[in-house]
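Some notes on the structure that comes next.
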Amino acid sequence: MHNNQALYLPSMGCGTWAWGNRLLWGYDQSMDNQLQAVFDLCVSNGVTLFDTGDSYGTGRLKGRSEQLLGQFTREYTGEGKENICIATKLAAYPWRWTRSSMVSACKSSAQRLGRNVDLVQMHWSTANYAPWQEEGLLDGLADLYEQGQVLGVGLSNYGPKRLKHVQQKFAERGVAIATLQVQYSLLSTYPVTQLGVKDVCDELGIKMIAYSPLALGLLTGKFSEQGPFPKGIRGLLFRQLLPGIRPLLASLREVAQSRNKTMSQVAINWCICKGTIPIPGAKSVEQARENIGALGWQLDAGEVAELDKAAASTDKKMVQNIFQTK
């Protein structure tokens with residue numbers, strides 16, 4: 001029983017990790033109206049893909065991001081409503097290892113959303129530490145598609161070897177992988193330059209989604225080495241990385257000034273030029289508006305090459321996700 005509706009993927013999406021996360025992003029419930037405004041602005045500007053996860057939201061706010069997305073979708077009445085695509089990532093928790101645990105996880109997500117999940121993704125691969133766990137989870141992912149509960153399935157934090165393995169496994173059941181999501185930005189070119197995931201995606205007809213395209217805010221140019229730094233873990237990271245990424249930021253600034261765009265817009269547009277769907281996060285209408293300004297124009301080949309060179313010669317890189325596989 002396949003859903004005949006196709007998965008609609010725009011050229012840019014919106015990441016909602018911060019929606020409900022107190023620990024890293026300082027979320028609190030007074031932000032909800034502002035987040036609804038962010039959602040509305042995105043959808044009305046063609047940014048209709050919202051990426052979430054069933055582990056998003058800290059403490060008793062677990063699943064908060066999905067709840068908010070469900071609420072915002074219901075309340076949205078403007079243009080582009082039919083294109084809204086909610087993508088969630090199901091965590092490979094140690095206690096989830098059967099196919100049915102994956103199916104019921106997706107049902108819980110759908111309950112929080114008050115609607116079906118459009119794109120269901122495996123949040124990370126367990127290949128690095130518990131390869132046996134993964135097979136059941138992947139079977140469950142394919143079951144969800146076969147049962148018509150989702151429009152597409154995707155993977156997150158997979159490298160080319162694991163990706164090919166899953167692609168073969170799914171092909172035997174006639175299930176295609178729609179998307180692969182990896183941490184990709186000018187500060188995190190590793191999945192593409194070192195692992196070569198983009199080539200494999202292109203070869204297999206898989207769309208690549210770039211998460212953290214602004215490297216948690218490091219590429220916005222809004223933070224200086226002198227501070228002030230964001231609170232908590234991000235602050236520690238910024239303190240560590242900012243001095244080493246000076247040349248890259250200078251190069252970004254130069255391109256941004258000549259284009260009359262912001263550094264964020266250039267960094268996001270670079271991801272689009274690389275054939276990926278970036279999903280920058282936004283907690284405020286200003287941030288969302290700035291992200292949207294990355295659309296409707298394109299860096300030229302010379303500018304992309306210049307940024308590539310600056311990225312390659314940067315000594316400091318973003319910390320890679322520990323779950324990223326080969």
Side-chain angles (χ1 to χ4, degrees), residues 7 9 13-21 23-25 48-58 61-70 73 84-97 99 101-113 115-128 130 133-134 136-145 149-159 162-163 166 170 175 177-184 188 191 197 201 206-213 216 276-281 320-325:
L7 192 64
L9 295 170
C14 177
T16 65
W17 182 20
W19 301 10
N21 186 304
L23 210 63
L24 199 69
W25 299 104
T48 48
L49 167 68
F50 293 87
D51 182 74
T52 184
D54 67 353
S55 62
Y56 286 0
T58 32
L61 294 175
K62 217 181 197 41
R64 181 82 187 141
S65 174
E66 290 178 334
Q67 277 166 348
L68 289 172
L69 277 172
T73 304
I84 292 174
C85 176
I86 309 264
T88 200
K89 297 182 294 298
L90 303 177
Y93 292 130
W95 58 88
R96 275 184 193 162
W97 48 276
R99 3 181 8 149
S101 66
M102 230 25 190
V103 173
S104 54
C106 191
K107 284 183 175 156
S108 303
S109 288
Q111 261 168 342
R112 282 189 291 272
L113 287 164
R115 72 196 283 282
N116 273 1
V117 171
D118 298 306
L119 172 65
V120 69
Q121 306 156 95
M122 179 88 160
H123 204 150
W124 65 84
S125 167
T126 65
N128 290 350
Q133 185 191 357
E134 194 163 69
L137 299 180
L138 291 167
D139 286 334
L141 217 52
D143 291 343
L144 284 162
Y145 182 75
Q149 294 195 44
V150 296
L151 298 180
V153 296
L155 304 172
S156 176
N157 300 309
Y158 276 65
R162 294 304 297 166
L163 179 59
V166 181
F170 280 8
V175 175
I177 299 171
T179 56
L180 169 71
Q181 183 174 150
V182 290
Q183 176 181 292
Y184 183 61
S188 175
V197 296
C201 284
I206 297 169
K207 271 280 195 209
M208 191 173 124
I209 296 174
Y211 75 79
S212 264
L216 301 182
T276 71
I277 302 172
I279 50 168
Q320 284 307 304
N321 191 307
I322 51 167
F323 295 118
Q324 175 66 49
T325 55

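One is the number of the first residue; the rest follow in order along the sequence.
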Verdict with reasoning, L49 to C85, per side-chain contact (heavy atoms from CB on, under 4.5 Å) = CA-CA 5 Å; L49 167 68; C85 176; 3.8 Å; yes
Mind checking the CD-CH2 spacing from Q133 to W95? Nearest 0.5 Å is all I need.
-> 10.0 Å
Yes or no on side-chain contact (heavy atoms from CB on, under 4.5 Å) for Y211 and D51, after CA distance, side-chain angles and deciding distance?
-> CA-CA 9 Å; Y211 75 79; D51 182 74; 5.8 Å; no
Between CD1 of I86 and CG of L113, what distance do you get to the nearest 0.5 Å?
-> 5.5 Å
Atom CG of D139 and atom CG of L144: how far apart are they, to the nearest 0.5 Å?
-> 11.0 Å
Rounded to the nearest 0.5 Å, how far apart are CZ of R99 and CG of L137?
-> 11.0 Å
So SG of C14 and CG of L69: to nearest 0.5 Å the spacing works out to 8.0 Å
Any donor-acceptor N/O pair, Q121 side chain to T88 backbone, under 3.5 Å = yes
Polar side chain donor-acceptor pair, S109 to E66, under 3.5 angstrom | yes
Answer yes if the side chains of D54 and Y93 hold a donor-acceptor pair under 3.5 Å, and no otherwise.
-> no
Taking all non-hydrogen atoms of both residues into account, name the closest pair between L180 and C201 and its distance.
-> CD2-SG, 3.8 Å
For the pair S156 (side chain) and W124 (backbone), establish whether a donor and an acceptor sit closer than 3.5 Å, ignoring hydrogens and angles.
-> no
Steps toward side-chain contact (heavy atoms from CB on, under 4.5 Å) verdict (L90, R96) | CA-CA 10 Å; L90 303 177; R96 275 184 193 162; 4.1 Å; yes
Any donor and acceptor pair, going by atom type alone, linking the side chain of N157 with main-chain N or O of H123 inside 3.5 Å?
-> yes
Look up atom CG in L68 and atom CZ in F50, then write down how far apart they are to the nearest 0.5 Å.
-> 12.0 Å
Considering all heavy atoms of both residues, which atom of G152 and which atom of L7 are nearest to each other, and what is their separation?
-> CA-CD2, 4.3 Å
Please test R162 against L155 for side-chain contact (heavy atoms from CB on, under 4.5 Å), starting from the C-alpha separation and ending with a verdict.
-> CA-CA 10 Å; R162 294 304 297 166; L155 304 172; over 6 Å; no
